[in-house]
Trainee: 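Have a look at this one.
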Amino acid sequence: MNKFTLSFKDNYKSKYINLFKINMFSLLILLCFTNNSLATESCVDDQSVCVSINQKSNYSSEVVIKNKSTFQKTVSINFDPLTNLKTSVKMPYNITVVAHKTLKAFDLIRINISEEYRYNYKFYTVEGIMSAKHDNNYIYSLPYKSGESYKIIQGFNGKYTHVGEQKYALDFGLPQGTEIRAARDGVVVGIKSDSSTSGWGEKYAKFANYIYVQHSDGTFGGYIHLKKDGVKVELGQKVKVGDIIGLSGNTGWTDGPHLHFWVYK
């Protein structure tokens, strides 16, 4: 894993925090189809990314990728093995699909029209751009009003929930209703604000309200556990450092009010 540095600043001092990049992989699927069989739409990531094969003629079909999510998604797809077929691009094929976009990726071409054909394929996705490189020179602002001070109640490698892909997250002990400020410029790509449920255990994770902001270097900033109706931005909105984007809360997998903040690619 490649280390990068994330730095925060306020009016008084800077805090330097080491993070590791995190790749978030989806479910791997494997499909097999034979002669005269058309693939139905196959999806991963809670139906947010789908692949379909649409027949164009007796000689070829087109592979179409649909991104239904509010995030950019990078899709890696591989057709192997192929019988009496070839692809119009080299396998495996990687492509980044912007939010709410459907695009033709490539063609499947029959080699001999009179013979049976067969294909297998699998694909997986990652959020954002796989080639993104964190800007280690960027100095982050703290995610609350400058001059205020709050305790970090769980840091790196926390014994409670900061493990695995979350091992370099930070929990700021913000009282409910505290204004959350953007720590870095970006575009809002994910929001949830309809939950009032909280509790201890992984089963409560899906109830967390959140804001996700994509940065100029392709990384994301996540602001988690917001209060019900505590999101003050809209999808696609551009935010600047220090803008009020939400209100802290106590939703999801939590045992008390706080803001969970992390940066990842």
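By convention here, the first residue in the shown sequence is residue 1. Not measured: the values here are computed from a predicted model.
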Trainee: Given side chains that start at C-beta, do those of Asn209 and Ile224 come closer than 4.5 Å, heavy atoms only?
Mentor: no

Trainee: Apply salt bridge (charged side-chain N to carboxylate O under 4.0 Å, His left out) to the pair Asp107 and Lys56, showing each step before the final yes or no.
Mentor: CA-CA 9 Å; Asp107 287 329; Lys56 296 167 55 180; 3.4 Å; yes

Trainee: Looking at Val98, is its backbone amide N or carbonyl O close enough to the side chain of His100 to form a donor-acceptor pair, meaning the two atoms are under 3.5 Å apart?
Mentor: no

Trainee: If you compare all heavy atoms of Val97 against all heavy atoms of Asn67, which two are closest, and at what distance to 0.1 Å?
Mentor: O-ND2, 3.0 Å

Trainee: Walk me through whether His215 and His134 qualify under ring pair (Phe, Tyr, Trp, His ring centres under 6.0 Å).
Mentor: CA-CA 9 Å; His215 306 139; His134 183 264; 7.8 Å; no

Trainee: Just so I know, are the side chains of Leu247 and Thr178 near enough to count as touching, which here means a heavy-atom distance under 4.5 Å?
Mentor: no

Trainee: Does the Arg110 side chain pair with the main chain of Glu115, one donor and one acceptor, at a distance under 3.5 Å?
Mentor: yes

Trainee: Are Tyr264 and Phe220 close enough that their ring centers fall under 6.0 Å?
Mentor: yes

Trainee: Distance alone, cut at 3.5 Å: any donor-acceptor contact between the side chains of Ser198 and Thr254?
Mentor: no

Trainee: Does the side chain of Ser193 come under 3.5 Å of the side chain of Asp229 through a donor N or O and an acceptor N or O?
Mentor: no

Trainee: So if you build clusters from Ile, Leu, Val, Met, Phe, Trp, Tyr with side-chain heavy-atom gaps below 4.5 Å, do Leu259 and Phe156 land together?
Mentor: yes

Trainee: Test Asp171 against His162 for side chain to side chain donor-acceptor pair (under 3.5 Å), laying out the working first.
Mentor: CA-CA 9 Å; Asp171 287 346; His162 290 184; 3.2 Å; yes

Trainee: Would you confirm whether Gln154, through its side chain, and Thr161, through its main-chain N or O, come within 3.5 Å as a donor-acceptor pair?
Mentor: yes

Trainee: Out of Phe261, Trp262, Tyr144, which one pairs with Tyr223 under the ring pair (Phe, Tyr, Trp, His ring centres under 6.0 Å) rule?
Mentor: Phe261

Trainee: Measure the OG1-NZ distance between Thr197 and Lys203 for me, rounded to the nearest 0.5 Å.
Mentor: 11.5 Å

Trainee: Check whether the side chains of Glu116 and Thr83 place a donor and an acceptor atom closer than 3.5 Å, and report yes or no.
Mentor: no

Trainee: Does any non-hydrogen side-chain atom of Tyr117 lie less than 4.5 Å from one of Asn112?
Mentor: no

Trainee: For Thr251 and Ala208, indicate whether the former's side chain and the latter's backbone hold a donor-acceptor pair under 3.5 Å.
Mentor: no

Trainee: Give the minimum heavy-atom separation between Gly242 and Arg181, together with the two atoms involved.
Mentor: O-CD, 3.0 Å

Trainee: Start with the C-alpha gap between Asp255 and Asn250, add the side-chain angles, then the distance that decides, and say whether side chain to side chain contact (heavy atoms under 4.5 Å, CB included) holds.
Mentor: CA-CA 8 Å; Asp255 62 353; Asn250 185 36; over 6 Å; no

Trainee: Does this structure show an ion pair linking Lys133 with Asp135, if we count only N-O contacts that are shorter than 4.0 Å?
Mentor: no

Trainee: I need the minimum non-hydrogen distance between Val241 and Ser141, along with the two atoms involved.
Mentor: CG1-OG, 3.1 Å

Trainee: Once side chain to side chain donor-acceptor pair (under 3.5 Å) is applied, do any residues pair with Thr102, and if so which ones, sequence neighbours excluded?
Mentor: none

Trainee: Could you pull out the closest heavy-atom pair between Ser88 and Phe106, with the gap in Å?
Mentor: OG-CB, 3.3 Å

Trainee: Evaluate side chain to side chain contact (heavy atoms under 4.5 Å, CB included) for Val44 paired with Phe123, printing each intermediate quantity in order.
Mentor: CA-CA 9 Å; Val44 294; Phe123 74 98; 3.5 Å; yes

Trainee: NZ of Lys122 to OG of Ser42: how many Å apart, nearest 0.5 Å?
Mentor: 15.0 Å

Trainee: What I'd like to find out is whether the side chain of Val75 reaches to under 4.5 Å of the side chain of Asn94, using heavy atoms alone.
Mentor: no

Trainee: If the condition is ring pair (Phe, Tyr, Trp, His ring centres under 6.0 Å), which residues does Tyr210 pass it with, not counting sequence neighbours?
Mentor: Tyr212

Trainee: Please report the interatomic distance CG(Leu170) to CD1(Ile152), rounded to the nearest 0.5 Å.
Mentor: 5.0 Å

Trainee: Taking the side chain as C-beta and beyond, is there a heavy-atom pair between Val233 and Val239 under 4.5 Å?
Mentor: yes

Trainee: Has Gln166 got a side-chain atom pairing as donor or acceptor with Val163's backbone, closer than 3.5 angstrom?
Mentor: no

Trainee: About how many Å separate CD of Glu179 and CG of Asp243, when rounded to the nearest 0.5 Å?
Mentor: 11.5 Å

Trainee: Do Arg184 and Tyr140 have a side chain donor and acceptor closer than 3.5 Å?
Mentor: yes

Trainee: Please assess Gln214 against Gln72 for the test side chain to side chain donor-acceptor pair (under 3.5 Å), listing each intermediate value before the final yes or no.
Mentor: CA-CA 9 Å; Gln214 186 169 22; Gln72 284 181 314; 2.8 Å; yes

Trainee: Side chains of Tyr160 and Trp253: closer than 4.5 Å at any heavy-atom pair?
Mentor: no

Trainee: Sequence neighbours excluded, which residues qualify as side chain to side chain donor-acceptor pair (under 3.5 Å) partners of Asn58?
Mentor: none

Trainee: When you look at Ser248 and Gln176, which way does the side chain to side chain donor-acceptor pair (under 3.5 Å) test go after all the steps?
Mentor: CA-CA 5 Å; Ser248 65; Gln176 292 196 60; over 6 Å; no

Trainee: When you check the gap from the basic side-chain N to the acidic O, do Lys66 and Glu41 get nearer than 4.0 Å?
Mentor: yes

Trainee: Minimum heavy-atom separation for Lys68 and Gln47, please, with both atom names.
Mentor: CD-O, 3.3 Å

Trainee: If you round to the nearest 0.5 Å, how far is CD1 of Ile65 from NZ of Lys104?
Mentor: 12.0 Å

Trainee: Is there a path of hydrophobic side-chain contacts, each under 4.5 Å between heavy atoms, that joins Leu108 and Tyr59?
Mentor: no

Trainee: With a 4.5 Å cut-off on side-chain heavy atoms, are Ile180 and Ile244 touching?
Mentor: no

Trainee: Below 4.5 Å, heavy atoms only, C-beta onward: do Ile109 and Leu85 meet side chain to side chain?
Mentor: no

Trainee: Any link between Ile129 and Val213 through a network of hydrophobic side chains (Ile, Leu, Val, Met, Phe, Trp, Tyr) touching at under 4.5 Å?
Mentor: no

Trainee: Please report the C-alpha distance between Tyr150 and Phe172 in whole Å, then the side-chain angles of each, then the deciding distance to 0.1 Å, and finally whether the ring pair (Phe, Tyr, Trp, His ring centres under 6.0 Å) criterion is met.
Mentor: CA-CA 6 Å; Tyr150 299 96; Phe172 295 93; 8.4 Å; no

Trainee: On a heavy-atom basis, which atom in Ile153 and which in His258 lie closest, and how many Å separate them?
Mentor: CD1-CB, 3.6 Å

Trainee: Where does the angle between the aromatic ring planes of Phe79 and Tyr121 fall among parallel (under 30°), tilted (30 to 60°) and perpendicular (over 60°)?
Mentor: parallel

Trainee: Mind checking the CG-NZ spacing from Leu226 to Lys232? Nearest 0.5 Å is all I need.
Mentor: 10.0 Å

Trainee: Could you tell me whether the side chain of Tyr93 and the main chain of Thr87 form a donor-acceptor pair under 3.5 Å?
Mentor: no

